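Just so it is clear: chains get the letters A, B, ... in the order the sequence lines come, proteins before strands, and each one is counted from 1. Only a predicted model underlies this, so the values are computations on that prediction, with no experimental measurement involved. Scope of the values below: all heavy atoms of this structure, side chains included, with no hydrogens, waters or symmetry mates.
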Amino acid sequence: MDVIEQGVGDIFTDPDADKARAFFRGKSRKMENKVMSVKDAVAKFIHDGDYITIGGFGANRVPVAVCHEILRQGRKKLGFAGHTSTHDFQILCAGEVFDRCDIAYIIGLEARGLSPNARRYMETGKVKVSEWSNYALSVRFKAAAAGVSFYPARNLMGTDTFKYSAGRIIECPFTKTKYVALPALYPDVSAIHVHEADMYGNCRVRGITVSDFDVARASKRLIITCEKLISNEEIRRDPSYTVIPYWCVDAVCEVPYGSYPGNMLGEYFSDEEHLKEWLKVESDPAEFKAFLEKNIYGCKDHFEYILKNGGMAKMQMLRQKEMMFIGAR
Amino acid sequence: MDVIEQGVGDIFTDPDADKARAFFRGKSRKMENKVMSVKDAVAKFIHDGDYITIGGFGANRVPVAVCHEILRQGRKKLGFAGHTSTHDFQILCAGEVFDRCDIAYIIGLEARGLSPNARRYMETGKVKVSEWSNYALSVRFKAAAAGVSFYPARNLMGTDTFKYSAGRIIECPFTKTKYVALPALYPDVSAIHVHEADMYGNCRVRGITVSDFDVARASKRLIITCEKLISNEEIRRDPSYTVIPYWCVDAVCEVPYGSYPGNMLGEYFSDEEHLKEWLKVESDPAEFKAFLEKNIYGCKDHFEYILKNGGMAKMQMLRQKEMMFIGAR
Amino acid sequence: MPDYNTMELMICTASRELEDGASVGVGTGAPCAAAMLAQKIHSPNLIIVFEAGGVAPLIPEMPISVGDSRTTWKAIMASGMCEIMETACRGMLDYTFLGGAQIDMYGNLNSTRIGTDHQKPKVRFPGSGGANDFGSFCWRMMVMTPQDSKRFVEKVSYCTTPGWLSGGDSRAKSGLPLGAGPYKIITNMAVMDFEPESKRMRVIALNPGYSVKDVQDNCGFELLKAKKIVENHAPTKEELHMLRDVIDPYRYVIGR
Amino acid sequence: MPDYNTMELMICTASRELEDGASVGVGTGAPCAAAMLAQKIHSPNLIIVFEAGGVAPLIPEMPISVGDSRTTWKAIMASGMCEIMETACRGMLDYTFLGGAQIDMYGNLNSTRIGTDHQKPKVRFPGSGGANDFGSFCWRMMVMTPQDSKRFVEKVSYCTTPGWLSGGDSRAKSGLPLGAGPYKIITNMAVMDFEPESKRMRVIALNPGYSVKDVQDNCGFELLKAKKIVENHAPTKEELHMLRDVIDPYRYVIGR
């Protein structure tokens, strides 16, 4: 197959579908109890050097407890898929955990501004980067979820985003139209926060799904954090609601308010004051160090983090905000 | 792009993504009332020569009223995607409506046996065929839904199913693995039966979705039949449940028991006796003619068809069977 | 006379191949019965999936369609065709059971047509359905079929679903996923596997009352014979009870 | 002094471009405000979608993220990234509003970096996000940005999102979907479109109080001028009321 043009970026994960199949052949299909602590899940399934993906969208339905635990356990040399990664990226940059990154959207927190620390880190040259767009990364996950090594798409072409990607331009064998072939992305391990999961890992999500269906299926190992554990009977009551089947899942961690300080649809809104504080303290290295010590390194778990930031009264306020009792109207 | 090998089958629909885009550019995005009768929907949106797709899976969640109406209105020279098409195919063959067909599964009714009439029709040579598998057709819809002209897959290769398809074997530009490139399938018009829809065409489905998400998005025109019309407010109450957005939809027809004599998850089981009768009468041309006259040509609409086959008492029995009050246990 | 019929024998033999914790893509009828039997007897964690989208249902009675309500009864997920086939393509489905009008010595299956004119076939069958997909993607493809020279043919009229293609490394070269292919063929008389190098069909076990000659006499091509051919045990009392009284009480599949 | 600020002026001007019944993919901030304003004033059937999956919400207050709960508040569908971008790729999204640190005469946008060493950039920005996707797929891409020579540059340091690329038929030849591309650039001083042949940026309208010279003086490349340059009307009382009192009462976007 003729490659018309190709980007200069690296492919950080092997897109080979047969190698992925060989891995998945050995993955357990048994329905067994996978409930464990976030600490154990990170210790067991995330290793130095792994390529990781974080589900959700920036500060919405994001597995914050897993990000904090990665810092506490001192993981290093991770690869990362920066697919509208905002607060999660900010946390992980605070631990300088990366040495390579596929970028679609990083260092920013959307309308909240840019993270000075994440920006500094990404300007040091310590992190090798390949460039993509959000949809390009979505398609890379989608190809992996389909068990193939590439899918074609019609974006990127003509731009520097293509030039610094690892995409390759090919022609449609039917219409001769040009397409950018995007290599499948099979992460070593991903973490996704969901509304409900059973002990085996069958998951339900409300609201937008972003790229999480595909991320879950593409990932070799998957850590689920959930707002609430539910029974397998409840999952079976209506199988239409299951969006991630248990066989994708390696660990199930019950973490109420697990997306805090991010937003969780129907549960609680984001804590904008705390996120503002994050951005502010990053400008002063000493202050930032103390902030991280207080909120991450000095915390045993997500409960303790929440307790230090307003506890249940804060959670109630954020729940009321989510329900539109408190807001612009 | 080098084509290593190619099937001898025809591509009955244009896979060109820019031509599809040009069509979709003109499709209305307005939320307007699309409620109409099946008769009007078929008259307005299905024309002689069109390439059509029927949603659901064989005799499960299948828009029977649309199939009957196609016969009543005497449509001819249709193209068809036979994607585990069972009772729908049997009906349409009774009207000899096709002149070309993409085949994955036709003429059979799964464990119920084969349709003598559909088989005879497909052995006459009057219908031009290209051969695929269920997943190959699913991928063709999926490519169209993604707005591209092809997707690669790892099936078909090495078989006569490939030889008589219109697939083309290419190499992955990253791994050199062989793939069959499957041309996008943009149907002219499709009909899908769903549980609930609002007047604009926002749809909810319970249970298996087969390939209907992709069929809905790939189709240039789409007729929805639904068990029950619901309000737009109900749709907006939880947007997580919407599986087909209104902008894909051209007509919304409320047809209670619209999958009868097929199965509708959570509503009613299939009428196995009636389906058995269908298969039986097909062996005798005179008897079959009378059967069709009674059940299709002599009926005004789906209500009348149901009335002739047991009416509400039958529907109640099938509902009880679906709920497992009546069954093997 | 044995106290079981041919279909019961094949289902019991087939069910023993499905080990606990494995996943299997099945169709209606005998394959579904074999998978259900395996669950009841020795593989409580066997995961059954249906091509139309049903995943791990608590099957209350034999489905009549691979997409009917019974295939998602108390299931863990009701999904779609792409979900199931892509799960298989990713390498997550261990087994599948397929059938067809013809099978050849490499396990290639025909469920499409008899005759040479494709546009006007002598006999038209339904086509692949999901068979080509499951047969391409699942690690181990199995077939349950009566031993009959009309079914076991030198060359299939049409290869709908890939077996080992023309044997040897032809399947590996075709582009199909590596390492997957036909595993065992289960008939009323015997169980066959495929010789690792040539990929030709080979008798490895006989059912009670049948000889190698019986099998060869009812096969349209020369069968290889394993060095050691074992004898399968007859359906057990427990297997027959489960099959007759629990799984298929109306005898839709096993007959009366 | 006019009784409106620069941001209010740009939002009001931009909102007038969105006709009833059209669909638009927007980000947070000014684009979302412009789309909401269009809905309130003249385009009740304008369909607003967000890249993370929200479709046609009844937006209760300005979202802070394109994926936050407000983007699916009483929406008609909560979907995902592929659903939205593939809807755009199929040709169903008419407009998008994008931004960036730099824009050139062909409407190419930079939101990735300043500096030449890509692995160690002088200044790193967030990157494409969904901008390259919306810019590739939506029929008409619009930009709202202050008129400033540092933003309107001869050549972007890095082309994140395609405009008309190097002009002429270069975009058509690139492989990007045919017929889509930059449509209008809205600044505090003027509105620009693109000359159909060369695809170079061209002044077509001026905001009250600004001259062509003002615009050119605040642009880093030579602008084409339309034969007839019209004057935009100032924000109306109704527009300002809606914007200030209904859409952005806390003045997150329009400022204090």
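Taking A:A65 as the reference, A:V38, A:V255, A:H302 meet the side-chain contact (heavy atoms from CB on, under 4.5 Å) condition, with sequence neighbours excluded.
Closest approach of A:P239 and C:A75 over heavy atoms only: CB-O, 3.4 Å. Nearest heavy-atom pair across A:G147 and C:C89 is O-SG, 3.5 Å.
Listed options A:A17, A:A218, A:A145 were ranked by heavy-atom pairs under 4.5 angstrom with chain C; first place goes to A:A145. Per-residue heavy-atom pair counts under 4.5 Å with chain A were compared for C:L93, C:I76, C:L178, and the maximum is reached by C:I76.
Both the backbone and the side chain of C:L58 come within less than 4.5 Å of a heavy atom in chain A. At a 4.5 Å heavy-atom cutoff, the contact between C:A56 and chain A is made by backbone and side-chain atoms alike.
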Across chain C and chain A, what donor-acceptor pairs are shorter than 3.5 angstrom?
residue : atom : partner : partner atom : Å
C:A56   : O    : A:R236  : NH1          : 2.8
C:K74   : O    : A:R236  : NH1          : 2.7
C:I76   : O    : A:T242  : OG1          : 2.6
C:A78   : N    : A:P239  : O            : 3.0
C:E83   : OE1  : A:R217  : NE           : 2.7
C:E83   : OE1  : A:R217  : NH2          : 3.3
C:E83   : OE2  : A:R217  : NE           : 3.0
C:E83   : OE2  : A:R217  : NH2          : 3.1
C:A88   : O    : A:R21   : NH1          : 3.2
C:C89   : O    : A:R21   : NH1          : 3.1
C:R90   : NE   : A:R217  : O            : 3.2
C:R90   : NH1  : A:A145  : O            : 2.7
C:G91   : O    : A:R29   : NH2          : 3.0
C:M92   : O    : A:R29   : NE           : 3.4
C:M92   : O    : A:R29   : NH2          : 3.2
C:D94   : OD1  : A:R29   : NE           : 3.3
C:D94   : OD1  : A:R29   : NH2          : 3.0
C:D94   : OD2  : A:R29   : NE           : 2.9
C:F137  : O    : A:R21   : NH1          : 3.1
C:F137  : O    : A:R21   : NH2          : 2.9
C:L178  : N    : A:D18   : OD1          : 2.9

